[in-house]
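The structure appears right after this line, and notes come after that.
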Amino acid sequence: MAKPKLVVIAGPTASGKSDLALDLCEAIGGEIISADSMQIYRGMDIGTAKTPPGDRRGIPHHMIDVADPRCPFSVAMYQTSARAAVCEILSRGKTPVVAGGTGLYIDALLYPMDFGRVTGDPTARARWETYLAEKGAGALHGELARIDAESARRLHANDTRRVIRALEVAERGDGGLSETRIDYRAASLYNCAYFVLDRPREELYALIRERVRRMMASGLLTEVQALLGAGVAPGAQSMQGLGYKELCAHILHGERLDACVELIQQRTRNYAKRQLTYFRRENAAMWLSAGSSGDTQAASPPVFEKLLTILHAKSFIS
RNA sequence: GCCUGGGUAGCUCAGUCGGUAGAGCAGUAGACUGAAAAUCUACGUGUCGGUGGUUCAAUUCCGCCCCUAGGCA
């Protein structure tokens, strides 16, 4: 049985993924599956740059607005729902087009990653958190070394977040994280065409500056206030999103607004860089370079042609 | 005009009781299996404002000059 065809459009924030994906969906009869850890949440529209419903050109979008910003969400949940969405789209005879910048989510969808049965447990987490505060990162890492030596070797002692996760899994006697690890990238579940949309650094950074400016002009501050008003805790996972945590600092702690906006721009640049690092190791990825031609606007004309050519060559389309 | 702080890495600053200097942030590269827009790792030569002097040796002490913040006029 042949693997189902699926297209991935990845890339750093503000690179123009969403528009490109929409163009593609129109051309080949596709539906969009968002791979974005923040667009998941309802009520977080401006700061996550969701394509407004009015601009979706009648193309169905999946994995957007599927979670409550007051509750935690996880890759594992994403994996389950996104795969269901793929099946649904395929059953309609359409092509799934995965678009987004969260590399881990894309991987979770595409590859046979096994997140195990151990759910993130707030109680255990809090317990280790306390342990960390009292005894330090070294001791925490030592605990892990005792029950799951291999994970301990893999993880840097300062990466306490991962160390705590490994401890959670290990102490539930599931064999530990290390036993479920495989070289997942070797075996995609789909016949996929994986694209990374790329542009010259300076141009990308300029687009980011501009996008943040536009978000502020469109009422990002009001959006954050509304979320806080609706009972989203400032420490909630959703509030760790870029733009949200910085504006919380302004609203709750009186940080200067212009300083916060600059911080958002800077951290978004940092983020874009990390995204590129992540995608670089995706062996299957085909890089599409856009821009640098002077027009900051549309990546679409030239890049879109390239995209279609490749899809033809892979006989995704006839 | 006078007085007092400052002028050191792209930015904020530490430091050298005289032996040519180092943190944070930024930046770059990397990692990443239920928090991933998160979390973590590695990478630090710059006329130490200019110019004279003292000294074996000055970014460090002294003189003058320039710039800057504040105070007094």
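In what follows, chains are A, B, ... by sequence order, proteins preceding strands, each numbered from 1.
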| said: For a side-chain contact (heavy atoms from CB on, under 4.5 Å) check, start with the C-alpha distance between A:Asp45 and A:Asp65, then their side-chain angles and the critical distance, and finish with the verdict. | reply: CA-CA 9 Å; A:Asp45 303 330; A:Asp65 294 335; 4.2 Å; yes
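- If you check every strand for non-hydrogen atoms under 4.0 Å, A:Gly47 touches a base.
- Cluster note: A:Ile64 groups with no other residue, as no ILVMFWY side-chain heavy atom lies under 4.5 Å from it.
- Between the CG atom of A:Leu109 and the C1' atom of B:U33 there is a distance of 15 Å, given to the nearest Å.
- Closest to the A:Arg201 side chain, of the nucleotides B:A36, B:A29, B:A26, is B:A29.
- Rounded to whole Å, the C1' atom of B:C2 lies 32 Å from the corresponding atom of B:G15.
- Atom P of nucleotide B:A26 and atom CZ of A:Arg267 are separated by 8 Å, given to the nearest angstrom.
- Rounded to an integer number of Å, the gap from CE of A:Met38 to C1' of B:A36 is 8 Å.
- Side-chain nitrogen and oxygen atoms of A:Lys273 include at least one within less than 4.0 Å of the OP1 or OP2 phosphate oxygen of B:A29.
- A:Asn270 comes within 4.0 angstrom of sugar-phosphate atoms only, judged by non-hydrogen atoms across all strands, and of no base.
- For A:Tyr205 and B:A26, the OH to P distance is 12 Å, given to the nearest whole Å.
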| From CA spacing to verdict: side-chain contact (heavy atoms from CB on, under 4.5 Å), A:Val7, A:Cys192 | CA-CA 6 Å; A:Val7 182; A:Cys192 61; over 6 Å; no
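- At the heavy-atom level, A:Tyr105 lies under 4.0 Å from the strands shown only through sugar-phosphate atoms.
- Between the CG atom of A:Asp148 and the C1' atom of B:U33 there is a distance of 13 Å, rounded to whole Å.
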| note | Counting primed atoms, P, OP1 and OP2 as sugar-phosphate and everything else as base, the B/S/- map of nucleotides 39-44 of chain B against protein heavy atoms under 4.0 Å is BSS---
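- Within residues 210-236 of chain A, no residue approaches RNA chain B, by heavy-atom distance under 4.0 Å.
- Here the side chains of A:Val196 and A:Val8 are not in contact, with every heavy-atom distance at 4.5 Å or above.
- Residue-level contact check: A:Thr119 touches the bases, meaning some heavy atom is under 4.0 Å from a base atom.
- In this structure, the side chains of A:Leu247 and A:Glu255 stay at 4.5 Å or more apart for every pair of heavy atoms.
- Counting any heavy atom pair closer than 4.0 Å across all strands shown, A:Gln275 reaches no nucleic acid atom.
- Rounded to whole Å, the distance from CE on A:Met113 to C1' on B:A36 is 11 Å.
- Nucleic acid contact class of A:Tyr41 (heavy atoms, under 4.0 Å, all strands): none.
- Per the geometry, CD belonging to A:Gln237 stands 9 Å off C1' belonging to B:A36, to the nearest Å.
- Taking only side-chain atoms of A:Arg154, from C-beta outward, the nucleotide of B:A29, B:A35, B:U33 with the closest atom is B:U33.
- The side chain of A:Arg165 lies closest to B:G34 when the candidates are B:A31, B:A36, B:G34.
- Nucleic acid contact for A:Glu262: none, since no nucleic acid atom lies under 4.0 Å from a heavy atom of the residue.
- Among the duplex regions that RNA chain B forms, those built from at least three successive Watson-Crick or G-U pairs under 3.5 Å are B:1-7 with B:66-72, B:10-13 with B:22-25, B:27-31 with B:39-43, B:49-53 with B:61-65, ordered by first number.
- Between A:Glu150 and A:Arg153, no side-chain nitrogen of the basic residue sits less than 4.0 Å from a carboxylate oxygen of the acidic one, so the salt-bridge criterion is not met.
- A heavy-atom distance below 4.5 Å is not found between the side chains of A:Tyr78 and A:Arg83.
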Check: residues 84-102 of chain A side-chain donor-acceptor pairs under 3.5 Å, at least two apart:
from     : atom 1 : to      : atom 2 : distance (Å)
A:Glu88  : OE2    : A:Arg92 : NH2    : 2.7
A:Ser91  : OG     : A:Glu88 : O      : 2.6
A:Arg92  : NH1    : A:Glu31 : OE1    : 2.6
A:Arg92  : NH1    : A:Glu31 : OE2    : 2.7
A:Thr102 : OG1    : A:Ser37 : N      : 3.0

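- If you check every strand for non-hydrogen atoms under 4.0 Å, A:Tyr278 touches a base.
- Look at A:Arg57 and A:Asp23 and you find a salt bridge, because one of the NZ, NE, NH1 or NH2 atoms lies within 4.0 Å of a carboxylate O, short of that distance.
- Contact annotation for A:Thr48: base contact, defined as any heavy-atom pair under 4.0 Å involving a base atom.
- Residues A:Tyr271 and A:Arg267 fail the side-chain proximity criterion, which asks for heavy atoms closer than 4.5 Å.
- Salt bridge annotation for A:Arg127-A:Glu171: present, with a cationic side-chain nitrogen under 4.0 angstrom from a carboxylate oxygen.
- A:Arg269 comes within 4.0 angstrom of sugar-phosphate atoms only, judged by non-hydrogen atoms across all strands, and of no base.
- Partners of A:Ala137 under the side-chain contact (heavy atoms from CB on, under 4.5 Å) rule, at least two apart in sequence or in another chain, are A:Leu132, A:Asn158, A:Thr160.
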